[in-house]
Amino acid sequence: MAEVGDDRACRIAYDDGVLELRMPLQEHEVPKGLIESFVEAIADELEIEVMKLGALTLDREDLTPAVEPDT
């Protein structure tokens, strides 16, 4: 992942010898945006602070696979 860099168009997942490359498509991005809007509206109504980090890679030494969630 370090060689590919953060400015890549694809999402990368590697777990137990399996490498997965995914390209975000409109069919994925539209519902993701709706869910994001719903969560923001509910959090605002309940006065819960949220932090939007996008496709941040979450990597922990005690876990084998890193995780790249959506927004």
Side-chain angles (χ1 to χ4, degrees):
M1 287 178 65
E3 288 182 24
V4 178
D6 292 332
D7 295 330
R8 61 189 184 276
C10 64
R11 305 284 302 276
I12 299 173
Y14 179 79
D15 184 27
D16 198 28
V18 176
L19 178 64
E20 180 180 306
L21 302 172
R22 294 172 282 141
M23 300 294 292
L25 300 173
Q26 183 176 358
E27 294 82 18
H28 172 79
E29 295 297 311
V30 171
K32 181 190 80 159
L34 290 172
I35 293 169
E36 178 183 351
S37 296
F38 290 143
V39 170
E40 285 181 336
I42 292 168
D44 186 49
E45 187 66 29
L46 297 175
E47 298 182 2
I48 298 173
E49 184 178 338
V50 295
M51 184 183 302
K52 293 171 50 175
L53 298 174
L56 173 72
T57 300
L58 304 173
D59 191 14
R60 287 183 16 194
E61 289 183 20
D62 61 328
L63 297 176
T64 302
V67 179
E68 285 190 337
D70 282 331
T71 300

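Pairs of residues two or more places apart, or lying in two chains, never qualify as salt bridge (charged side-chain N to carboxylate O under 4.0 Å, His left out) while including a residue from residues 42-51.
Other cluster members for Val39: Ile35, joined by side-chain heavy-atom distances under 4.5 Å among Ile, Leu, Val, Met, Phe, Trp and Tyr. In the hydrophobic clustering, where aliphatic and aromatic side chains (Ile, Leu, Val, Met, Phe, Trp, Tyr) are joined below 4.5 Å either directly or transitively, Ile42 groups with Leu46, Ile48.
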